[in-house]
Amino acid sequence: MNYIEEITNTSIRKPNTMVAGISSKILQIRKENIKQSLSDLDNIEHRQDFVATVDGVMYYDDARAESVNATWFTFENIVKPVIWIAGGNDSDTDFKELKRVAKKKVKALICIGSQGGNLRKSFQKDVKDIIEVDNIEEAVATASLMAKENDIVLFSPACKSDIEGETYIERGKFYKDFVKQMENEHRQ
């Protein structure tokens, strides 16, 4: 575990946390003080947002990442194997910039929606397992079957919703609700 992970106890390194961690090391600030001061700094809802750990698998909501660049940035900060849930209206999306990071970090890709053809085609040579599903609920259920302990399930769509009027906030809420429901079922 590197110093950044140690002070934040997460599996996705966030830039604010990284800067604070490096600065604190240089200035010899105590870890407890850093944890306290960062508690609200990285909590932007639906952006690399930790949801729950179920059976040793960490679930993150990155629904705000509706572009290739935003999803790329998230992947650059991931330190564990990923089952990536993505999709939406991908007809005009160029995924070329994501291919390199996906090849190194993505164990499986779950494509959501009826328009996942471009997404699937773009990653078929770089990601071994690609599965298409109709909605977020199916994506969470499928990911939970594929994931192993210490994996990350990441909902980072890389494109806008293909449902008219649906926002990233609604998609993130759906994702979180299904993960929390699964977490509650596993507790019983």
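All heavy atoms count here, side chains included; hydrogens, waters and symmetry mates do not. In this text, all values refer to a predicted model and were calculated from it rather than measured experimentally.
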- Has the side chain of S161 got a donor or acceptor atom that lies under 3.5 Å from a matching backbone atom of I163? yes
- Query: Are any of the side-chain nitrogens in R171 or E66 under 4.0 Å away from the carboxylate oxygens of its partner?
  - Reply: yes
- Message: Looking at every heavy atom in both I85 and A139, which two are closest together, and how far apart are they?
- Response: CG2-CB, 3.7 Å
- Looking only at atom types and distance, does a side-chain atom of N135 sit under 3.5 Å from a main-chain N or O of E137, one as donor and one as acceptor? yes
- Message: If you define the side chain from C-beta out and look only at heavy atoms, does anything of D177 sit under 4.5 Å from V179?
- Response: no
- Message: So, taking the atom named CG in D55 and the one named CE in M182, what distance separates them when rounded to the nearest 0.5 Å?
- Response: 8.0 Å
- Query: Do I112 and Y168 sit in the same hydrophobic cluster, where Ile, Leu, Val, Met, Phe, Trp and Tyr count as joined when their side-chain heavy atoms come under 4.5 Å apart?
  - Reply: no
- Message: Any non-hydrogen side-chain atom of D49 less than 4.5 Å from a side-chain atom of Y60?
- Response: no
- Item | Beyond-backbone contact of V106 with K128, side-chain heavy atoms, under 4.5 angstrom | no
- Query: Looking only at heavy atoms, which two atoms of M146 and A108 are closest? And how far apart?
  - Reply: CE-CB, 3.3 Å
- Task: Dump the intermediate steps for side-chain contact (heavy atoms from CB on, under 4.5 Å) on Y59 and K176, then the final yes or no.
- Result: CA-CA 9 Å; Y59 290 80; K176 284 182 168 183; over 6 Å; no
- Task: Would you check if the side chain of E170 reaches a backbone N or O of T167 as a donor-acceptor pair within less than 3.5 Å?
- Result: yes
- Message: Please give me the minimum heavy-atom distance between W72 and E97, naming the atom from each residue.
- Response: CD1-O, 3.3 Å
- Decide whether H46 and D62 meet the rule of one side-chain donor and one side-chain acceptor closer than 3.5 Å. no
- Any chance you could measure K105, atom NZ, to R100, atom CZ, to the nearest 0.5 Å? 8.0 Å
- Message: Check whether T71 reaches the backbone of V68 with its side chain - one donor and one acceptor, N or O, closer than 3.5 Å.
- Response: no
- Heavy atoms, side chains only, cut-off 4.5 Å: are T74 and N77 in contact? no
- Note on the structure: Interatomic distance, SG@C159 vs CG@L119, rounded to 0.5 Å, equals 6.5 Å
- Message: Within the 4.5 Å heavy-atom criterion, are K180 and V51 side-chain neighbours or not?
- Response: yes
- Pair F123 and W84, ring centroids less than 6.0 Å apart: yes
- Query: In Å, rounded to the nearest 0.5 Å, how long is the span from CG of D134 to SG of C111?
  - Reply: 12.0 Å
- Message: Is it the case that atom NZ in K160 sees more than 12 heavy atoms from other parts of the structure closer than 6.0 Å?
- Response: no
- Task: Taking R47 for its side chain and A70 for its backbone only, find out whether a donor-acceptor pair lies under 3.5 Å.
- Result: yes
- Item | Under 3.5 Å donor-acceptor, K103 side chain and V127 backbone | no
- Closest non-hydrogen atoms of G172 and F155, given as atom of the first, atom of the second and distance, are N-CE2, 4.3 Å
- Note on the structure: All heavy atoms of N150 vs all of P81, minimum pair found to be O-CD, 4.2 Å
- Query: Does some side-chain heavy atom of Q48 sit less than 4.5 Å from a side-chain heavy atom of F73?
  - Reply: yes
- Task: Say whether, by atom type as modelled, one donor and one acceptor occur between the side chain of D151 and the main chain of K148 under 3.5 angstrom.
- Result: yes
- Message: Using a strict threshold of under 4.0 Å (side-chain N to carboxylate O), is an ion pair present between K173 and E45?
- Response: no
- Counting N and O atoms only, with roles assigned by atom type, does the side chain of K99 sit under 3.5 Å from a partner on the main chain of S122, one being a donor and the other an acceptor? yes
- Task: Can you see which heavy atom on T93 is nearest to which on A158, and at what distance?
- Result: CG2-O, 4.0 Å
- Message: Once rounded to the nearest 0.5 Å, what's the spacing between atom OG of S156 and atom OH of Y175?
- Response: 10.0 Å
- Message: With a 4.5 Å cut-off on side-chain heavy atoms, are L154 and I78 touching?
- Response: yes
- Between CD1 on residue I152 and CZ on residue F50, distance to nearest 0.5 Å: 10.0 Å
